[in-house]
Amino acid sequence: VKYKKPDRYIRSKVEPFLHGVPIAYALIYSTTLLAKRNLNDGGGGSCYAPVYNPPHCIGYEDEKTRDGFNIPCGRGHDGAVLFSYLG
């Protein structure tokens with residue numbers, strides 16, 4: 001409105017960036033977290049990059065898998081670094 005650009009200009013020049021940039025960011029962010037095995041459940045119903053340290057991991061070293069479980073304890077320590085760079 002302020003610059004009085006026609007709708008066709010906004011539709012062809014501006015709108016692709018308004019869709020493309022958030023989609024590209026989300027794909028890069030989620031793919032990086034998934035590839036580095038940092039996509040953990042924080043317990044609140046949202047998946048982001050917290051360290052995976054549930055109660056059954058107390059007394060176990062990081063990257064050790066307790067008997068009867070599949071996910072190693074302490075997984076995702078570099079998730080905070082990724083979150084600060086990408087988030």
Margin query: Suppose clustering is done on Ile, Leu, Val, Met, Phe, Trp and Tyr with side-chain heavy atoms closer than 4.5 Å. Which residues sit in the same group as Ile58?
Written below: none
Margin query: Can you tell me how far apart CD1 (Ile28) and CD1 (Ile23) are? Round to the nearest 0.5 Å.
Written below: 12.0 Å
Next item on the list: Any pair with a residue in residues 8-19 that passes side chain to side chain donor-acceptor pair (under 3.5 Å), sequence neighbours left out, goes on the list, sorted by first then second residue, please.
Entry: Glu15-His19
